[in-house]
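In what follows, a structure is listed as structure tokens, so that the remarks can point back to it.
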Amino acid sequence: MAASSPLRHEVIRIYKELLYLGREYPLGYGYFRPRLHKAFMAKAGLQDEEQIRKGIEQAEYVKKEIEALYYLKRYRTLRQRYNKTS
């Protein structure tokens with residue numbers, strides 16, 4: 001169990017980061033949180049270190065996609081505001 005401790009901390013860290021990002025999810029936090037929990041629980045039984053690392057990489061990818069979604073939303077909002085005044 002001591003060998004998996006750093007991986008456990010990584011999994012918890014990415015889970016918390018995704019929860020934080022989910023607060024601003026377009027469909028709402030109530031939509032986002034149960035799905036995030038379900039996705040993590042589906043992989044809760046993994047024992048192989050390589051599989052756990054792949055899951056962490058997948059979570060990092062999802063995190064980047066969510067951030068891109070937020071940046072796009074922000075860009076569209078700013079663009080709409082500035083185009084109204086012209």
Side-chain angles (χ1 to χ4, degrees):
M1 189 70 175
S4 66
S5 183
L7 287 178
R8 178 177 169 82
H9 292 296
E10 283 186 54
V11 171
I12 292 171
R13 177 192 56 81
I14 191 69
Y15 183 76
K16 286 182 178 180
E17 287 177 5
L18 287 169
L19 274 178
Y20 180 77
L21 287 173
R23 295 184 316 157
E24 299 294 323
Y25 197 71
L27 295 175
Y29 188 69
Y31 175 87
F32 183 84
R33 187 186 174 281
R35 282 165 178 74
L36 177 66
H37 182 75
K38 184 178 177 182
F40 271 77
M41 290 307 294
K43 300 201 180 235
L46 293 179
Q47 296 293 326
D48 183 31
E49 187 174 318
E50 185 61 32
Q51 291 295 324
I52 295 171
R53 289 192 191 283
K54 284 183 182 178
I56 292 171
E57 288 176 14
Q58 184 180 11
E60 289 287 349
Y61 177 79
V62 170
K63 178 184 161 195
K64 289 178 185 176
E65 288 292 318
I66 292 171
E67 288 173 343
L69 175 73
Y70 293 161
Y71 290 135
L72 180 62
K73 180 180 175 185
R74 182 177 173 204
Y75 168 76
R76 286 179 176 165
T77 301
L78 289 173
R79 186 172 160 215
Q80 185 179 30
R81 285 181 188 164
Y82 284 107
N83 284 342
K84 283 184 179 179
T85 60
S86 329

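Position 1 is the first residue of the sequence; numbering continues from there. Keep in mind that what you see is a predicted model, and the values were worked out from it rather than measured.
- When the side chains of ILVMFWY residues are joined at heavy-atom separations under 4.5 Å, either directly or via intervening members, Tyr70 and Leu27 end up in a single hydrophobic cluster.
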One pair to check against side-chain contact (heavy atoms from CB on, under 4.5 Å): Lys38 and Arg35. What are the steps and the verdict? CA-CA 5 Å; Lys38 184 178 177 182; Arg35 282 165 178 74; 5.6 Å; no
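- The CZ atom of Arg8 sits 11.0 Å away from atom CD1 of Ile52, with the distance rounded to the nearest 0.5 Å.
- Arg76 contributes atom CZ, which lies 8.5 Å from atom CZ of Arg79 (distance to the nearest 0.5 angstrom).
- The CZ atom of Arg33 sits 13.0 Å away from the CG atom of Leu18 when rounded to the nearest 0.5 Å.
- With rounding to the nearest 0.5 angstrom, the CD atom of Glu24 is 6.5 Å from the NZ atom of Lys73.
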Go through the steps for Arg53 and Glu10 under the test side-chain contact (heavy atoms from CB on, under 4.5 Å), then give the verdict. CA-CA 9 Å; Arg53 289 192 191 283; Glu10 283 186 54; 4.1 Å; yes
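- Within the 3.5 Å criterion, the main-chain N or O of Ile66 finds no donor-acceptor partner in the side chain of Tyr25.
- Note: Ile14 CD1 to Lys63 NZ = 5.0 Å, rounded to the nearest 0.5 Å.
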Could you walk me through whether Val11 and Phe40 pass side-chain contact (heavy atoms from CB on, under 4.5 Å), step by step? CA-CA 9 Å; Val11 171; Phe40 271 77; 3.9 Å; yes
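- Note that CZ of Arg81 and CG of Asn83 are 12.5 Å apart. Values are rounded to the nearest 0.5 Å.
- With respect to the salt-bridge test (charged N to carboxylate O, under 4.0 angstrom), the residues Glu60 and Arg13 qualify.
- Closest heavy-atom contact between Tyr29 and Pro34: O-CD, 4.1 Å.
- Residues Leu19 and Leu69 are members of one and the same hydrophobic cluster, defined by side-chain heavy-atom contacts under 4.5 angstrom among Ile, Leu, Val, Met, Phe, Trp and Tyr.
- Atom CD of Gln47 is surrounded by 12 or fewer heavy atoms from other residues, nucleotides or ligands within 6.0 Å.
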